[in-house]
Amino acid sequence: MGCCSGRCTLIFLCIFQLMVALERQVFDFLGYQWAPILANFFHIIIVILGLFGTIQYRPRYIVVYAIWTALWVAWNVFIICFYLEVGGLSKESDLLTFNISAHHSWWSEHGPGCVRREMPTTGVRSLDSQSYISVMGCLLEYQYIEVLHSAFQILVALLGFVYACYVVSAFTEEEDSFDFIGGFDPFPLYHVNEKPSHLLLKPMYLST
């Protein structure tokens with residue numbers, strides 16, 4: 001019963017993680033955040049693998065999922081440190097875009113309450129000229145939105161890690177108990193005591 005409830009909970013967590021990861025992937029695509037896009041892609045693949053392993057009773061797949069959730073927690077801790085500028089990191093750098101573009105988080109211009117104003121640069125305008133974008137009135141700064149996203153990812157990943165370890169342990173105990181009762185024992189558990197054939201042929205003498 002415990003294994004079933006833990007397995008069902010892990011299935012629900014994997015499905016929920018897929019939904020959350022897809023939502024995050026959409027906003028990272030809108031912001032051209034290439035490093036998070038790549039990380040989200042691997043995360044989705046591993047979560048699908050963990051979901052398949054949970055449904056099909058494949059402990060090895062669940063172990064891979066559990067290892068990845070630990071790495072996923074570490075990645076989201078890095079994202080939090082990046083946006084909070086911990087350890088010399090700067091949220092204004094192009095680290096998350098692999099330094100191939102100057103894009104930033106989509107929430108930096110489209111956050112709740114943000115008013116985006118585009119002011120053209122002075123001078124001669126050309127096809128390559130860029131406009132200065134001013135964002136004002138945001139109810140919540142974009143870096144805190146990204147931090148909340150990562151913190152929520154960490155919470156769900158930790159729950160997934162705990163339940164993955166529990167389900168793997170339950171599957172292992174079931175396999176061990178099956179071996180103990182003779183599931184893979186070449187000798188049968190119950191033996192029928194048969195009389196030797198020479199006793200069957202021995203004549204019986206009745207006393208008079």
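Counting begins at 1 with the first residue of the sequence. Heavy-atom basis, side chains included; hydrogens, waters and symmetry copies ignored.
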Working to the nearest 0.5 Å, report the span between CG of L89 and CD of E92.
-> 13.0 Å
How about F52: does its CZ atom have over 12 heavy atoms from other parts shown lying under 6.0 Å from it?
-> yes
Counting N and O atoms only, with roles assigned by atom type, does the side chain of S150 sit under 3.5 Å from a partner on the main chain of E146, one being a donor and the other an acceptor?
-> yes
Could you give the distance from CZ (R24) to NE2 (H149), rounded to the nearest 0.5 Å?
-> 7.0 Å
Same cluster for F152 and L148 if Ile/Leu/Val/Met/Phe/Trp/Tyr side chains link at under 4.5 Å?
-> no
By side chain to side chain contact (heavy atoms under 4.5 Å, CB included), which residues pair with W34, not counting sequence neighbours?
-> Y32, I37, T97, F98, I100, S101
Linked, directly or transitively: V20 and W107 (ILVMFWY side chains, under 4.5 Å) = no
Are E141 and Y83 close enough that a side-chain donor and a side-chain acceptor fall under 3.5 Å?
-> no
Please identify each residue that fulfils side chain to side chain contact (heavy atoms under 4.5 Å, CB included) with I11, with sequence neighbours left out.
-> R7, I15, L51, T54, I55
Heavy-atom side-chain proximity of I46 to I67 below 4.5 angstrom = no
In terms of hydrophobic clustering (I, L, V, M, F, W, Y; side-chain heavy atoms under 4.5 Å; direct or indirect links), are I154 and Y144 co-clustered?
-> yes
Under a single-linkage definition using a 4.5 Å side-chain heavy-atom cutoff for Ile, Leu, Val, Met, Phe, Trp and Tyr, are L13 and L22 assigned to the same hydrophobic cluster?
-> yes
What one should report as the nearest heavy-atom pair of F161 and A66 is CD1-O, 3.3 Å
Mind checking whether Y166 and V162 have side chains closer than 4.5 Å, heavy atoms only?
-> no
L96 versus P36: any side-chain heavy-atom pair under 4.5 Å?
-> yes
Atom CG of L18 and atom CD of E23: how far apart are they, to the nearest 0.5 Å?
-> 13.0 Å
Of all heavy-atom pairs between C14 and G50, which one has the smallest distance, and what is that distance?
-> SG-C, 4.2 Å
For P112 and I145, which heavy atoms make the closest approach, and how far apart are they?
-> CD-CD1, 3.5 Å
Do C165 and I62 have side chains that get closer than 4.5 Å, going by heavy atoms?
-> no
Spacing of W72 atom CH2 and L158 atom CG [to the nearest 0.5 Å] = 13.0 Å
Evaluate the side-chain proximity of Y142 to K91: yes if any heavy-atom separation is below 4.5 Å, no if none is.
-> yes
V167 and V156: same hydrophobic cluster, using ILVMFWY side-chain contacts below 4.5 Å?
-> no
How many angstroms lie between CD in Q17 and CD1 in I44, if you round to the nearest 0.5 Å?
-> 11.0 Å
Can any side-chain N or O of Q33 pair as donor or acceptor with the backbone N or O of G31 at less than 3.5 Å?
-> yes
Within-4.5 Å side-chain heavy-atom neighbours: E109 and H104 = no
Mind telling me whether F16 and F12 have parallel, tilted or perpendicular rings, with 30° and 60° as the class edges?
-> parallel
Would you please test F82 and S93 for side chain to side chain contact (heavy atoms under 4.5 Å, CB included) and show each step?
-> CA-CA 9 Å; F82 176 83; S93 67; 3.4 Å; yes
Which pairs, with at least one residue in residues 35-45 and sequence neighbours excluded, count as a side chain to side chain donor-acceptor pair (under 3.5 Å)?
-> Q25-N40, D28-N40, H43-W68
Spatial distance of atom CG (L49) from atom OH (Y65) [nearest 0.5 Å] = 11.0 Å
Which heavy atom of I80 sits nearest a heavy atom of A151, and at what distance?
-> CD1-N, 4.1 Å
Mind checking whether H110 and W106 have parallel, tilted or perpendicular rings, split at 30° and 60°?
-> parallel
